[in-house]
6 protein chains.
Amino acid sequence: MPLTIPAKPEHTTFLYSEPCADLDALSADIAYLGIPYGESYTFGEIASDQSRGALAMRRATDRILRSIERYDFDIGGPLYDNRQIRAVDCGDVYADPRELKDHLKRAEDVVRKIVASGAMPIVLGGDHSIPIPVIKALDDQGPITLIQIDQHLDWREEINGVTHGLSSPIRRASEMDHVGEIFQIGLHASGSGRQEEYDAAKAYGAHLVSAYDVHERGIQHVLDMIPDGGRYYLTVDLDAFEPGIAPGVAAPCAGGMTFMQTRSLIHGLVKKGRVLGMDVVEITPATDVNQITCITAGRLIVNLVGAAVRANYFEPK
Amino acid sequence: MPLTIPAKPEHTTFLYSEPCADLDALSADIAYLGIPYGESYTFGEIASDQSRGALAMRRATDRILRSIERYDFDIGGPLYDNRQIRAVDCGDVYADPRELKDHLKRAEDVVRKIVASGAMPIVLGGDHSIPIPVIKALDDQGPITLIQIDQHLDWREEINGVTHGLSSPIRRASEMDHVGEIFQIGLHASGSGRQEEYDAAKAYGAHLVSAYDVHERGIQHVLDMIPDGGRYYLTVDLDAFEPGIAPGVAAPCAGGMTFMQTRSLIHGLVKKGRVLGMDVVEITPATDVNQITCITAGRLIVNLVGAAVRANYFEPK
Amino acid sequence: MPLTIPAKPEHTTFLYSEPCADLDALSADIAYLGIPYGESYTFGEIASDQSRGALAMRRATDRILRSIERYDFDIGGPLYDNRQIRAVDCGDVYADPRELKDHLKRAEDVVRKIVASGAMPIVLGGDHSIPIPVIKALDDQGPITLIQIDQHLDWREEINGVTHGLSSPIRRASEMDHVGEIFQIGLHASGSGRQEEYDAAKAYGAHLVSAYDVHERGIQHVLDMIPDGGRYYLTVDLDAFEPGIAPGVAAPCAGGMTFMQTRSLIHGLVKKGRVLGMDVVEITPATDVNQITCITAGRLIVNLVGAAVRANYFEPK
Amino acid sequence: MPLTIPAKPEHTTFLYSEPCADLDALSADIAYLGIPYGESYTFGEIASDQSRGALAMRRATDRILRSIERYDFDIGGPLYDNRQIRAVDCGDVYADPRELKDHLKRAEDVVRKIVASGAMPIVLGGDHSIPIPVIKALDDQGPITLIQIDQHLDWREEINGVTHGLSSPIRRASEMDHVGEIFQIGLHASGSGRQEEYDAAKAYGAHLVSAYDVHERGIQHVLDMIPDGGRYYLTVDLDAFEPGIAPGVAAPCAGGMTFMQTRSLIHGLVKKGRVLGMDVVEITPATDVNQITCITAGRLIVNLVGAAVRANYFEPK
Amino acid sequence: MPLTIPAKPEHTTFLYSEPCADLDALSADIAYLGIPYGESYTFGEIASDQSRGALAMRRATDRILRSIERYDFDIGGPLYDNRQIRAVDCGDVYADPRELKDHLKRAEDVVRKIVASGAMPIVLGGDHSIPIPVIKALDDQGPITLIQIDQHLDWREEINGVTHGLSSPIRRASEMDHVGEIFQIGLHASGSGRQEEYDAAKAYGAHLVSAYDVHERGIQHVLDMIPDGGRYYLTVDLDAFEPGIAPGVAAPCAGGMTFMQTRSLIHGLVKKGRVLGMDVVEITPATDVNQITCITAGRLIVNLVGAAVRANYFEPK
Amino acid sequence: MPLTIPAKPEHTTFLYSEPCADLDALSADIAYLGIPYGESYTFGEIASDQSRGALAMRRATDRILRSIERYDFDIGGPLYDNRQIRAVDCGDVYADPRELKDHLKRAEDVVRKIVASGAMPIVLGGDHSIPIPVIKALDDQGPITLIQIDQHLDWREEINGVTHGLSSPIRRASEMDHVGEIFQIGLHASGSGRQEEYDAAKAYGAHLVSAYDVHERGIQHVLDMIPDGGRYYLTVDLDAFEPGIAPGVAAPCAGGMTFMQTRSLIHGLVKKGRVLGMDVVEITPATDVNQITCITAGRLIVNLVGAAVRANYFEPK
């Protein structure tokens with residue numbers, strides 16, 4: 001029996017993964033990465049509550065998954081299925097207080113290094129502007145089918161001169177050559193979009209699937225719309241969900257997606273083809289309730305990772 | 001670039017509408033009105049947490065709808081569909097601290113003026129006693145089919161001598177000549193009602209539809225029960241809903257209605273006939289969570305207004 | 001009119017029942033009992049937030065049920081159906097600060113006395129270790145079919161030498177001769193269990209029904225799996241539910257059971273055979289939201305009691 | 001060792017005193033009385049946060065004084081000095097939700113009964129309008145020297161037609177024949193008073209002692225200003241104090257009185273003459289911090305009662 | 001009696017002053033100005049809790065001063081002493097989300113315009129980096145005696161390459177030709193300063209007056225150290241104070257200044273010479289308690305303005 | 001510029017000290033030690049809010065002292081005065097959930113090892129029962145003059161059979177042969193003590209110094225009462241202080257000690273003789289406000305350590 005025990009530290013990496021300090025020496029199957037900052041519409045939101053989302057999710061680690069070896073009913077066994085999976089946490093993309101935008105390029109560079117190393121990037125946001133550099137970094141991975149789970153369209157050309165803000169990620173992605181079909185799932189209520197954004201999305205050919213479509217027709221109907229054998233990138237805005245499972249967001253509007261639907265979508269995508277990476281964005285920790293929003297986001301990641309492991313994504317070739 | 005900007009004020013009208021100061025000069029299609037006070041069972045609740053519901057909803061305006069021109073997926077376009085819809089916020093019914101009940105008459109008078117002017121009244125409560133003067137003011141609009149979304153029966157004759165309190169609105173409405181069929185939807189758990197109130201409701205012929213009925217048979221089944229071509233008044237007690245989307249109420253009991261069901265009911269009613277007005281009541285802002293209850297209530301109003309606009313309610317004759 | 005009124009006390013018994021001070025003179029149909037403490041894995045959790053669950057539930061009494069005579073839509077009338085039902089609150093099992101485990105034996109003794117007197121025990125936890133002495137006390141009531149509503153397996157042999165902790169209740173129950181079939185319903189996410197606990201449960205023949213099974217196949221499918229005519233004991237861990245209706249638990253993981261499903265299960269069990277008793281556990285009052293978790297737990301008890309009354313459980317023989 | 005213990009109720013009387021139900025049979029030395037309501041300036045404040053002050057103070061009983069027999073260093077022994085002191089809690093003055101002002105007369109009647117019985121009234125507010133009926137009820141006890149501990153003047157003739165509101169108690173008292181000299185101690189910052197209220201107070205001859213006067217000259221200087229041998233009534237508005245010891249008030253303005261100064265004032269008054277009664281008002285429980293404001297108010301009462309006991313106020317004649 | 005009243009807006013200017021939109025047309029005696037942003041040490045603090053200090057103070061307006069005409073005991077009459085004082089609120093210095101530092105120059109420009117117009121600038125921060133542009137803008141007002149009320153030295157040359165951050169304002173001021181003597185009052189506990197910063201301050205000749213010096217020798221002793229007839233600029237960091245009156249700061253360390261001492265210092269300075277302007281900084285609204293920190297800061301401004309008015313600062317020449 | 005940075009962990013040792021895992025190899029001048037648990041009066045308080053005090057204080061480290069090299073105005077330079085001081089954090093005394101009292105012996109053993117190694121123990125509680133094993137472990141360090149800063153007497157013989165609980169530490173210390181004179185400073189309000197405890201303390205010869213004595217006569221008067229050249233042990237209960245600087249305690253009663261007084265006492269004791277060790281107890285983190293109570297406690301430790309360093313306590317012999 002010990003006389004004393006050291007004070008228990010909080011979790012500083014996501015899902016108990018090893019910290020990765022040297023990105024050039026990165027050797028892993030899965031790389032968790034925090035991207036706290038994107039591009040902001042106001043000075044007061046350069047650092048916003050959303051910026052603390054990655055930190056909040058790391059702190060929620062043991063409520064997302066009690067420990068790595070636990071049997072998980074969402075995926076039918078331990079997270080990594082007792083296989084030799086290497087997962088690392090690359091920490092947060094560094095942002096210099098003397099430079100306003102360097103971190104965007106840095107975020108892209110980090111994701112490039114992760115992808116180049118062969119690891120799957122799982123990004124913890126941050127607001128919804130952060131997928132822009134992430135998707136850009138996947139430009140040799142195309143054609144990519146972009147799957148967005150969201151309440152909002154996110155097709156703004158610009159707001160107040162800001163072109164890479166949280167209302168524009170799908171517009172920006174649509175302009176990238178390596179991005180192909182786009183599915184926007186869970187749309188409901190209103191957001192930054194106007195008729196012209198709706199028209200632009202339709203003109204591109206984006207598949208707009210409202211939350212009500214999902215509730216009425218079922219998620220399998222949506223999965224059936226998505227071509228098999230694709231290379232998918234999944235971006236999840238937590239405001240897509242019913243407020244009861246994601247209270248800590250800027251826009252908690254009733255009528256949203258359920259966890260069950262989204263879990264089925266994730267498992268379905270992994271079965272269909274290759275999910276290249278994923279992000280979870282728009283958590284506002286200051287208004288979260290008992291970490292429920294962080295846990296929901298984390299459980300979606302557990303489902304993707306667990307499914308990918310079982311689909312042999314990470315088997316040596 | 002400006003050198004300075006004025007401090008941003010909070011919202012003082014609901015959904016960005018123009019304030020209306022002179023009710024006699026009212027000229028609008030839709031009139032939002034706060035009725036903070038009704039009749040109370042205890043002295044300590046003359047001013048209750050519910051009394052601050054209208055204020056709380058105005059403050060939540062930009063989370064209910066980011067701005068008037070936004071594309072709203074619940075209604076398939078902007079709130080007013082780019083039509084010349086005139087909406088005003090009449091403020092709150094004034095209550096004099098030296099008179100206990102004058103505001104009830106005043107509430108009735110204000111709604112009469114709104115209706116006389118041709119505008120549709122949308123009332124922000126307040127507890128569930130406030131529909132009594134509202135429905136009374138509609139006495140030249142009958143026969144009215146009363147649609148209540150609620151956890152509770154609200155058929156008390158009186159409590160401690162108080163006859164117009166929050167447990168009596170449906171009883172009082174049932175006694176008005178211009179009120180015809182009554183549908184009470186979402187009933188679950190218990191409330192102020194006893195066997196005798198249940199019996200009174202049945203004796204009247206009220207259609208009692210429990211939340212479990214709705215879950216099992218679907219909302220279309222309920223819509224089918226309601227006669228077409230009616231003149232409907234809709235009163236929505238937020239405690240009808242699942243606590244995850246309406247945590248800030250006095251009686252947050254699981255088993256309640258979903259947003260999806262209620263949205264379908266509202267759209268269905270507008271298609272069936274004429275919805276004369278609507279109220280949302282029983283929000284308790286002090287126990288709300290991230291304004292979710294206010295947002296849910298506000299989104300129901302957006303759905304009614306958006307549907308009414310598209311059903312050509314407000315077209316010049 | 002009185003000049004003064006005494007300050008209103010909070011509720012000190014559950015559901016307005018009479019306090020029972022002398023267990024040897026117990027004469028009742030239903031006995032509510034608080035068991036705050038079980039066996040703990042760490043010193044810091046000997047008294048945990050869960051320990052205050054019974055107190056929190058008593059305080060929520062008037063939000064669970066406004067008063068005994070109210071018409072309850074979940075059960076189709078007043079709680080006790082206007083019958084001569086006797087219900088008592090036995091208070092909390094006493095725990096001596098100078099003895100670490102005596103209260104476990106005491107809990108068992110109290111439940112034995114309750115059962116011996118012919119009353120149905122309804123236990124307010126406490127964490128999930130507290131059903132162990134409760135089920136043990138039912139050893140002359142077998143064979144018992146154990147019905148667990150839970151997110152987790154709870155089949156640990158031991159953790160750090162502790163064998164009767166909150167991760168072990170089903171393992172311990174499985175070892176009791178009077179326990180027969182075990183149904184574990186609502187499983188999702190992960191918990192203390194590993195592959196070996198999963199294997200142990202399967203080896204025993206436990207029926208593992210995930211929340212996803214329930215969502216996909218419906219609760220009637222689950223009811224059909226459970227043999228009729230049984231003697232059931234029901235243990236409900238609040239973390240089985242969607243976080244929107246049970247935010248105040250240690251593991252609020254999305255994907256859980258709905259109230260509707262669980263209500264149907266309870267009514268179905270009562271119809272099938274004899275429910276011997278029930279516990280609700282793992283409420284963490286400090287993280288509860290507007291007492292919603294306590295109300296949900298209390299409403300489940302109302303459904304069991306109301307159904308049992310109507311199934312003539314408590315009729316004189 | 002008991003098997004079970006009943007759930008511990010909260011305190012429903014102040015300082016463990018006996019409840020007094022029949023005021024006509026009142027036989028006590030000290031009578032605690034809650035007066036939740038006075039006269040309000042707005043409808044929304046008819047029931048205000050201050051109205052819950054008496055309830056909040058009763059709940060804080062065991063943090064104000066652990067139990068009656070404890071040795072108290074502020075008064076040099078147990079509260080009642082082991083003498084046969086009879087203290088009762090008369091509950092709260094009843095207020096009828098159907099009558100706006102009857103409770104004011106009722107409050108006066110209750111205090112008259114208390115005084116007539118020979119007991120010292122200790123009033124738990126409520127806002128600062130409640131001393132008006134209390135002082136009025138002392139009209140056969142004059143001449144009374146009124147001692148007010150407050151941040152504010154409280155000399156308004158009326159506000160919006162309301163003459164007996166929280167800004168007027170000293171004006172109203174000054175008009176009563178049985179009120180003589182007035183000392184207003186702890187004045188700082190601003191309040192409802194304007195130059196004309198200041199002038200009215202000076203014209204009456206009120207002694208205005210700012211908090212800065214107290215800080216600079218000491219409380220003994222103030223005591224020396226007050227004539228010996230008087231019959232004093234003490235009204236204490238908690239906003240008189242430094243916010244660190246009274247954070248839960250509507251006007252927490254720095255620069256206020258210390259507990260030490262006020263304690264010395266109370267002990268000094270008791271030594272000088274007869275303190276007829278006391279009230280503590282303007283606590284806002286919703287913004288209190290760890291019950292500190294209630295505890296401070298309660299400790300002042302303990303000091304008055306303890307000093308009065310030791311000054312033989314309650315000895316049989 | 002009105003039928004309805006518009007919803008009451010929050011305060012959008014400080015102390016009920018007129019908003020000033022056109023700085024070039026500024027004509028006032030006193031100009032309140034918010035400067036939310038300075039220069040930050042980390043990206044995450046570019047917008048910090050301190051940035052919301054000016055907004056929080058405006059919202060606290062009616063708790064700082066109930067209305068302009070109220071008799072204020074701190075200053076012996078109404079704020080503006082019934083004189084024709086013109087006060088405006090210039091809003092907040094605009095900060096462009098696409099430019100990291102332009103707002104610093106803009107802040108300086110705004111203060112220059114205020115001073116050029118003859119108005120006294122009263123600045124609402126923001127963190128403690130914001131006095132740097134303010135003092136710089138006073139470069140034709142020298143020689144200035146800088147009076148700092150603070151827990152910390154604030155003499156850092158730089159931190160991580162940032163030279164104009166919240167730990168450097170006094171160092172930067174000391175380098176300005178128009179700044180003469182520096183008094184740093186209320187120092188206690190530790191801050192960003194090391195031995196070298198202490199040495200630099202001493203080498204400059206800064207007068208370092210610890211809080212303990214003030215407590216032991218009194219504030220008059222400090223006033224006596226400051227030369228008469230000076231032109232003073234006053235910067236007040238709320239962390240200088242006892243936490244009981246300023247709980248909402250990043251560094252709430254016991255042992256600090258009292259309100260009484262600071263009030264005397266302010267009144268003394270105004271009597272001695274000319275106070276050119278003032279700022280209050282380092283309020284963290286998210287951790288404030290019942291707005292106490294904002295009220296304390298606001299009351300200091302009331303004392304300065306009230307004293308300045310009475311010292312005939314704003315009389316026409 | 002780094003591409004990424006690891007997430008910043010919270011503080012896991014107190015004041016940036018090195019963790020000490022092997023107590024037998026302990027080589028340090030100062031040893032910080034957490035003792036979360038003592039002996040409890042109720043089962044529900046075996047693990048209480050106070051038990052989390054040590055953890056809360058470690059987490060507050062950077063608000064107590066920004067970093068080790070900072071110039072601290074309370075002690076006139078950096079904490080360790082640029083000397084070779086070795087400080088370690090021994091973590092928390094281990095408590096086994098299967099044994100109720102072993103940790104008391106373990107606490108004593110740990111302190112013995114610390115003292116035997118020559119280090120000064122600084123103990124982070126825990127409630128006020130934890131000094132009992134600490135003082136016992138100093139039995140070869142006598143005669144010890146015990147200095148207690150507290151609101152309460154703490155002289156209970158037993159409560160409900162518990163003899164080593166938080167109301168008994170001074171009684172237990174008084175029975176130890178190596179404890180000599182006892183000074184109890186800051187007494188005010190009431191606590192667990194009755195007349196008989198007061199009498200027992202006086203019979204022992206304990207010096208009872210009320211907070212009012214300190215306020216009236218000054219702390220130097222108290223210091224003069226304490227014999228020079230002693231070997232002092234200092235136990236500090238945070239409820240001794242004014243609630244404004246220690247809101248997070250079980251008994252926040254106004255009238256308490258100031259930081260200034262206590263700082264002077266600590267510096268005076270160090271000058272007088274040898275302070276052998278110190279504890280801070282009774283912090284309740286759940287009711288703390290912006291960590292103010294933890295910061296106050298930590299600043300007292302900084303003052304003791306800083307003074308001891310400068311008094312050459314830790315110089316090699």
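Just so we're on the same page: letters track the sequence lines, and every chain starts at 1. Just so it is clear, the model here is predicted, and its values are computed rather than measured.
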Q) Step by step, would you call H188(A) with F73(B) a ring-ring contact (aromatic ring centres under 6.0 Å, His included)? A) CA-CA 5 Å; H188(A) 65 288; F73(B) 281 92; 8.9 Å; no

Q.
With a 4.5 Å cut-off on side-chain heavy atoms, are H128(A) and T235(A) touching?
A. yes

Q | Minimal non-hydrogen separation, V236(B) against F241(B), with atom names | A | CG1-CE1, 3.8 Å

Listing, residues 293-303 of chain B side-chain donor-acceptor contacts under 3.5 Å, not counting sequence neighbours, or none:
unit_1: T293(B); atom_1: OG1; unit_2: G248(B); atom_2: N; d: 2.8
unit_1: T293(B); atom_1: OG1; unit_2: D288(B); atom_2: OD1; d: 2.6
unit_1: T296(B); atom_1: OG1; unit_2: I245(B); atom_2: O; d: 2.7
unit_1: T296(B); atom_1: OG1; unit_2: I292(B); atom_2: O; d: 3.1
unit_1: R299(B); atom_1: NH1; unit_2: I64(B); atom_2: O; d: 2.9
unit_1: R299(B); atom_1: NH1; unit_2: D72(B); atom_2: OD2; d: 2.9
unit_1: R299(B); atom_1: NH2; unit_2: D72(B); atom_2: OD1; d: 2.7
unit_1: R299(B); atom_1: NH2; unit_2: D72(B); atom_2: OD2; d: 2.9
unit_1: R299(B); atom_1: NH2; unit_2: D74(B); atom_2: OD2; d: 3.2
unit_1: N303(B); atom_1: OD1; unit_2: R263(B); atom_2: NE; d: 3.4
unit_1: N303(B); atom_1: OD1; unit_2: H267(B); atom_2: NE2; d: 2.7
unit_1: N303(B); atom_1: ND2; unit_2: D74(B); atom_2: OD2; d: 3.0
unit_1: N303(B); atom_1: ND2; unit_2: R299(B); atom_2: O; d: 2.9

Q) Would a distance-only check, ignoring hydrogens and angles, find a side-chain to backbone donor-acceptor pair under 3.5 Å from Q261(B) to T258(B)? A) yes

Q | Inter-residue atom distance F43(A).CZ - I5(B).CD1, 0.5 Å rounding | A | 11.5 Å

Q.
Less than 4.5 Å apart, side chain to side chain, heavy atoms only: is that true for F259(B) and C253(A)?
A. no

Q | Contact listing (chain B partner; residues 192-202 of chain A; heavy atom under 4.5 Å) | A | S192(A), G193(A), R194(A), Q195(A), Y198(A)

Q | Residues in residues 157-164 of chain A near chain B [non-hydrogen atoms, under 4.5 Å] | A | none

Q) Of the non-hydrogen atoms in G273(B) and Y313(B), which two are nearest, and what is the gap between them? A) O-OH, 2.8 Å

Q. Could you name the residues of residues 209-217 of chain A that have a heavy atom within less than 4.5 Å of a heavy atom in chain B?
A. Y212(A), H215(A), E216(A)

**Q.** Polar side-chain atom of Y204(A) near backbone of E181(A) as donor-acceptor pair, under 3.5 Å
**A.** no

Q: Name the orientation class of the two ring planes belonging to Y16(B) and H11(B) (parallel below 30°, tilted from 30 to 60°, perpendicular beyond 60°).
A: perpendicular

Q. With the threshold set at 4.0 Å, does a side-chain nitrogen-carboxylate oxygen contact exist between K271(B) and D228(B)?
A. no

(Q) If you count every heavy atom of other residues, nucleotides or ligands that lies below 6.0 Å from E175(A) atom CD, does the total exceed 12? (A) yes

Q: Considering only heavy atoms and a distance below 4.5 Å, find which of G255(A), G256(A), A189(A), P243(A) pairs most often with chain B.
A: A189(A)

(Q) Under a 3.5 Å distance rule, please check whether S168(A) uses its side chain to pair with a backbone N or O of R156(A) as donor and acceptor. (A) yes

